[in-house]
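Before any comments, here is the structure.
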Amino acid sequence: MPAYHSSYNDESEHRVVGNMSLLPFGSKIRGSAPPPADPARDDIVTEALDLFRPNSLFRNFEIKGPADRLLIYLILFIGDCLSKIVQAKSPGWSKQDASKHLATHAIDNFALPGEPTFPLKNLYAPPASRLDSDALRSYLTHARQETVVRFVERVYDTEDGKPAKWWTAFQKRKFMGMTLSS
């Protein structure tokens, strides 16, 4: 059974920095991502959240386009967020605590492709210029923030206010055997 790929791979009208697409997504957070042309279509953040659990079962992933690289990055970021929720000290984080801690994690300094500490060096090309690097950092920060907002809503969609076991069960699974955190 093959892994699931991004539906945006066939589209070439989106900006590509390095070899990663900067795709539009809907957001209430102010940022650099372009708004979606079709709001009814699932954006890349929704796609990453939907594909996190099935794709986390795969150790191999054939990259079919620049949108897949963004999908990989977001899936690995979701895995890091899930690890933070599960590793929270007893009694665990409430939904508000998770939102606060993960929002901070989303805007923390992180490595970009081409930097020595970037964990996925072999999959991503570095940005061509400093301007591209700044655009990529701004875009990924915005995507991380929006991912956290939507992720917390899904994980804490329970009656008891605790993280859903259907999400936390995937904490130990590493998509492609990788993680974004060091």
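Along the sequence shown, residues are numbered consecutively beginning with 1. On a predicted model such as this, the values are computed, not experimentally measured, just so you know.
Taking the ring centroids of Tyr139 and Phe25, they lie under the 6.0 Å cut-off.
Under the 4.5 Å side-chain heavy-atom criterion for grouping Ile, Leu, Val, Met, Phe, Trp and Tyr, Tyr73 is not connected to Ile29 through any hydrophobic cluster. Taking hydrophobic clusters as Ile, Leu, Val, Met, Phe, Trp and Tyr residues chained together by side-chain heavy-atom distances below 4.5 Å, Leu140 does not share a cluster with Ile107. Cluster membership for Tyr4 and Ile63, using ILVMFWY side-chain heavy atoms within less than 4.5 angstrom, is shared. Linking Ile, Leu, Val, Met, Phe, Trp and Tyr whenever their side-chain heavy atoms come within less than 4.5 Å leaves Val16 and Leu120 in two separate clusters. Linking ILVMFWY side-chain heavy atoms closer than 4.5 Å, directly or via other members, places Phe110 and Ile75 in a single hydrophobic cluster.
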Leu71 and His5: side chain to side chain contact (heavy atoms under 4.5 Å, CB included), yes or no, with the steps?
-> CA-CA 8 Å; Leu71 181 68; His5 296 274; 5.6 Å; no
Given Asp50 and Arg154, is the salt bridge (Lys or Arg N to Asp or Glu O under 4.0 Å) satisfied, shown in steps?
-> CA-CA 10 Å; Asp50 289 345; Arg154 286 190 185 202; 2.7 Å; yes
Give the intermediate values and the outcome of side chain to side chain contact (heavy atoms under 4.5 Å, CB included) for residues Asp80 and Leu76.
-> CA-CA 6 Å; Asp80 282 355; Leu76 293 175; 5.9 Å; no
Could you please spell out the steps behind the side-chain hydrogen bond (donor to acceptor under 3.5 Å, both in side chains) verdict for Thr46 and Asp43?
-> CA-CA 5 Å; Thr46 301; Asp43 58 28; 3.1 Å; yes
Side chain to side chain contact (heavy atoms under 4.5 Å, CB included) evaluation trace for Leu112 with Ser133 | CA-CA 8 Å; Leu112 291 176; Ser133 179; 3.5 Å; yes
Please lay out, stage by stage, how Val45 and Val149 fare under the test side chain to side chain contact (heavy atoms under 4.5 Å, CB included).
-> CA-CA 10 Å; Val45 175; Val149 169; over 6 Å; no
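With hydrogens and angles disregarded, a donor-acceptor distance shorter than 3.5 Å links the side chain of His142 to the backbone of Ala33. The backbone N or O of Arg53 lies less than 3.5 Å from a partner atom in the side chain of Ser56, making a donor-acceptor pair. With hydrogens and angles disregarded, a donor-acceptor distance shorter than 3.5 Å links the side chain of Asn9 to the backbone of Asp68. At least one donor-acceptor pair closer than 3.5 Å links the side chain of Thr147 to the backbone N or O of Ala143. Here the side chain of Glu11 pairs no donor or acceptor atom with the backbone of Tyr8 at under 3.5 angstrom. Judged by distance alone, with hydrogens and angles left aside, the side-chain atoms of Arg144 form a donor-acceptor pair with the main-chain N or O of His105 at under 3.5 Å. Under a 3.5 Å cut-off, the side chain of Tyr124 and the backbone N or O of Arg69 do form a donor-acceptor pair. Side chain of Glu47 to main chain of Ser7: a donor-acceptor pair is present (N/O by atom type, distance under 3.5 Å, no hydrogens or angles).
Interatomic distance, OG1 of Thr104 versus CD of Gln145, reported as 10.5 Å (0.5 Å rounding). Taken from SG in Cys81 to CG in Leu102, the straight-line distance is 4.5 Å, to the nearest 0.5 Å. Atoms OG and CZ, from Ser27 and Arg150 in turn, are 7.0 Å apart once rounded to the nearest 0.5 Å. Here the CG atom belonging to Asp157 is positioned 14.0 Å from the CH2 atom belonging to Trp166, to the nearest 0.5 angstrom.
Aromatic ring pairs are classed by plane angle as parallel below 30°, tilted from 30° to 60° and perpendicular above 60°; the pair Trp167 and Phe151 is perpendicular.
In terms of heavy-atom proximity, Pro35 sits nearest to Pro24 at O-CB, 3.5 Å. When every heavy atom of Ala106 is checked against every heavy atom of Val148, the shortest pair comes out as CB-CG2, 3.9 Å. Smallest separation of non-hydrogen atoms from Asn19 and Leu123: ND2-O, 3.6 Å. The two residues Pro113 and Ala125 come nearest to each other via the heavy atoms CB-O, 3.6 Å. Residues Val152 and Ser99 share a closest heavy-atom pair of CG1-OG, 3.3 Å. The two residues Ser6 and Ile44 have their closest heavy-atom pair at OG-CD1, 3.7 Å.
Counting non-hydrogen atoms of other residues, nucleotides and ligands closer than 6.0 Å to CD of Glu159 gives a total of 12 or fewer. Atom CG of Asp10 has 12 or fewer heavy atoms from other residues, nucleotides or ligands within 6.0 Å. Atom NZ of Lys95 has more than 12 heavy atoms from other residues, nucleotides or ligands within 6.0 Å. Dense packing is recorded around CD of Glu115, with more than 12 heavy atoms of other residues, nucleotides or ligands lying under 6.0 Å away.
Ion pairing between a basic and an acidic side chain is recognised when a charged N comes within 4.0 Å of a carboxylate O; Arg15 and Asp132 show such pairing.
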